[in-house]
Number of protein chains: 2
Amino acid sequence: MSKIRNSEETKERILCAAQSLFAQRGFEAVSLREITAEAEANVAAVNYHFGGKDALIDAVIVRHMMPVMTERMKLLAVAQQRADESDGVIPVVETLDAFMRPFLMVMNESGENKALFAKFCGRIMSDVGSNLPAEAVEQFSIMVQKFTQALSQALPHVGQQELMWRLHFSFGVMAHTLMHGERLVEVTKGACGEPDFETTLKRMIDYCIGGLEA
Amino acid sequence: MSKIRNSEETKERILCAAQSLFAQRGFEAVSLREITAEAEANVAAVNYHFGGKDALIDAVIVRHMMPVMTERMKLLAVAQQRADESDGVIPVVETLDAFMRPFLMVMNESGENKALFAKFCGRIMSDVGSNLPAEAVEQFSIMVQKFTQALSQALPHVGQQELMWRLHFSFGVMAHTLMHGERLVEVTKGACGEPDFETTLKRMIDYCIGGLEA
DNA sequence: GTCTATAAAGAGATAGAC
DNA sequence: GTCTATCTCTTTATAGAC
């Protein structure tokens, strides 16, 4: 039993170390040796627990993205309930909030490095559809459908195709900011301020509302 | 003389092959062997002509980004001249056009695969500041400054910090679309239409105007 | 300038002892 | 479950023949 517990801990350490390194440098540029060194585990442990590097990548993605996806759907459902008490249409600001806020929530809940977690999420958003595990792609597809529908009702004057592109653009805003937001601070030498995540979230939502309603 | 000419051709083939592969899979995930195989050159040729893989990466980036940067500055200068004939303020739509259109122009001029070139540009935009050659970073920095200034004059009600973030978001729109625009077509199974680059450009500009003016 | 051959380092994976 | 030792493959880089 103690062995099983240790095993689970080792798995967890590997997952965390992998996520941190993947966030910083991407999936392919990180070696198992670096991961296991940081996780204070053995190279063989990865193959034992996950089956190989590719399986580890999938596990890390699923492990960290599922809570975000679940939270998104939950927030959207809550917003839908609120909307049903009036005209049934979710305001754009609430839909966007339901889409973007879960990152903050998961970030805050986990004790992990927030900036790294953000980068990791941004990286995944950028890679969606390329090599993501099937489970994640499916979840993602369902989510896109739900959110498109909600936005469509709030923005009836925007055609379906147009709306898809604008949602795609909004993904870009989020992915780019999650991945490279802190770099803006560097590049501008702090002239852009050093806002907390809540402030950045609000900025993104405001910007995307403007773009979606354009 | 004929050897020199052949040498230049080999260099060019290597640069093109590298750009194509980097666009598809990123810089670190592509090996020199793959590049030289596609370029029908020898592995040693890369080291002879460029000095190593890192130097090749820098050369590819500089080679393909400089025309875009130059064109951007030129278009902005032209817009400024037009503006000087009235109130001196460049309309947001023209600033955004000057920023985004050069990609199309360079794409169309080069005989290369347009979609690949777009991906390559998007990848560079995403990597700005991380490992880009100093030459490119400097150019980029100057460009950001010029465009921020132009937008600032057109949007006096938007604070400086706020504007920087909104410009950053606009970068995200462009980078994400260049890199993953075609994937939207796949994911939506064509429901988003299959617009040409000119149409997508217009959509991006409209969206970004909405966001910038929000 | 170009190529072959090879060096040197590092990758992922696995067998077998514990 | 974990770890050492090792296998095999691939990478970048370079020396030296042509």
Side-chain angles (χ1 to χ4, degrees), chain A residues 1-63 120 123 127 130-133, chain B residues 1-63 120 123 127 130-133:
Chain A
M1 183 61 187
S2 80
K3 286 216 169 184
I4 291 174
R5 173 162 297 275
N6 283 336
S7 166
E8 287 303 314
E9 282 173 7
T10 300
K11 257 179 102 164
E12 199 63 23
R13 280 204 314 277
I14 291 173
L15 283 168
C16 285
Q19 184 229 1
S20 169
L21 289 164
F22 289 158
Q24 298 176 70
R25 312 214 311 271
F27 298 108
E28 307 210 51
V30 176
S31 72
L32 289 184
R33 294 178 146 76
E34 295 175 272
I35 295 169
T36 50
E38 181 154 327
E40 290 176 23
N42 192 280
V43 195
V46 172
N47 291 288
Y48 175 78
H49 286 293
F50 301 94
K53 186 182 182 182
D54 288 346
L56 171 62
I57 293 175
D58 284 4
V60 174
I61 293 174
V62 170
R63 162 87 173 69
F120 182 75
R123 201 172 286 280
D127 284 0
S130 56
N131 286 314
L132 291 190
Chain B
M1 182 61 189
S2 79
K3 287 217 169 184
I4 290 176
R5 173 161 298 274
N6 283 336
S7 166
E8 287 304 314
E9 282 173 7
T10 300
K11 257 180 103 164
E12 199 62 23
R13 280 204 315 277
I14 291 173
L15 283 169
C16 286
Q19 184 229 1
S20 169
L21 289 165
F22 289 156
Q24 297 175 70
R25 311 214 311 272
F27 298 107
E28 306 209 50
V30 176
S31 72
L32 289 184
R33 295 181 134 73
E34 296 175 270
I35 294 169
T36 50
E38 179 154 327
E40 291 176 24
N42 191 279
V43 196
V46 172
N47 292 289
Y48 176 79
H49 285 293
F50 300 95
K53 187 183 180 180
D54 288 347
L56 171 62
I57 293 175
D58 283 5
V60 174
I61 292 174
V62 170
R63 163 87 173 68
F120 182 75
R123 201 172 285 281
D127 283 0
S130 56
N131 288 314
L132 292 189

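Being a predicted model, the structure only gives us computed values, none of them experimental. Residue numbering restarts at 1 for every chain, and letters A, B, ... go by the order of the sequence lines.
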All ring-ring contact (aromatic ring centres under 6.0 Å, His included) counterparts of B:Phe50, not counting sequence neighbours: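 None.
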Rounded interatomic separation in angstrom, taking [atom1] from [X] and [atom2] from [N]:
| X | N | atom1 | atom2 | result |
| --- | --- | --- | --- | --- |
| B:Ile14 | D:dA13 | CD1 | P | 13 Å |
| B:Glu34 | D:dT10 | CD | P | 11 Å |
| A:Phe50 | C:dG12 | CZ | P | 14 Å |
| A:Asp54 | C:dA11 | CG | C1' | 13 Å |

Taking only heavy atoms on the protein side, list every residue of residues 24-33 of chain A lying under 4.0 Å from any atom of DNA chain D, sorted numerically. none
Looking at residues 35-49 of chain B, who's got a heavy atom less than 4.0 Å off DNA chain D?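 Residues of residues 35-49 of chain B that come under 4.0 Å of DNA chain D are, in numerical order, B:Ala44, B:Asn47.
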Please list every donor-acceptor pair under 3.5 Å in which a side-chain atom of residues 35-49 of chain A meets a protein atom from a residue at least two apart or in another chain.
{"residue": "A:Thr36", "atom": "OG1", "partner": "A:Leu32", "partner atom": "O", "Å": "2.9"}
{"residue": "A:Thr36", "atom": "OG1", "partner": "A:Arg33", "partner atom": "O", "Å": "3.2"}
{"residue": "A:Asn42", "atom": "OD1", "partner": "A:Ala44", "partner atom": "N", "Å": "2.8"}

Under the rule for side chain to side chain donor-acceptor pair (under 3.5 Å), what residues qualify as partners of A:Glu28, not counting sequence neighbours?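 A:Glu28 satisfies side chain to side chain donor-acceptor pair (under 3.5 Å) with no other residue.
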Counting only pairs under 3.5 Å, give me each side-chain donor-acceptor contact of residues 51-59 of chain B, with atom names and distances, residues two or more places apart or in other chains.
{"residue": "B:Lys53", "atom": "NZ", "partner": "B:Val30", "partner atom": "O", "Å": "2.6"}

Rounded to the nearest 0.5 Å, what separates atom CZ in B:Arg123 from atom CD in B:Gln19? 11.5 Å
Considering only residues two or more places apart or on different chains, which pairs with a residue in residues 12-44 of chain B satisfy ring-ring contact (aromatic ring centres under 6.0 Å, His included)?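 As it turns out, the ring-ring contact (aromatic ring centres under 6.0 Å, His included) pairs with a partner in residues 12-44 of chain B, which skip direct neighbours, are B:Phe22-B:Phe27.
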With sequence neighbours left out, what residues match A:Glu34 under salt bridge (charged side-chain N to carboxylate O under 4.0 Å, His left out)? A:Arg25
Which pairs count as salt bridge (Lys or Arg N to Asp or Glu O under 4.0 Å) when at least one residue sits in residues 10-24 of chain B, sequence neighbours excluded? B:Glu12-B:Arg63
Do any side-chain nitrogens or oxygens of B:Thr10 fall under 4.0 Å of OP1 or OP2 in C:dT2? yes
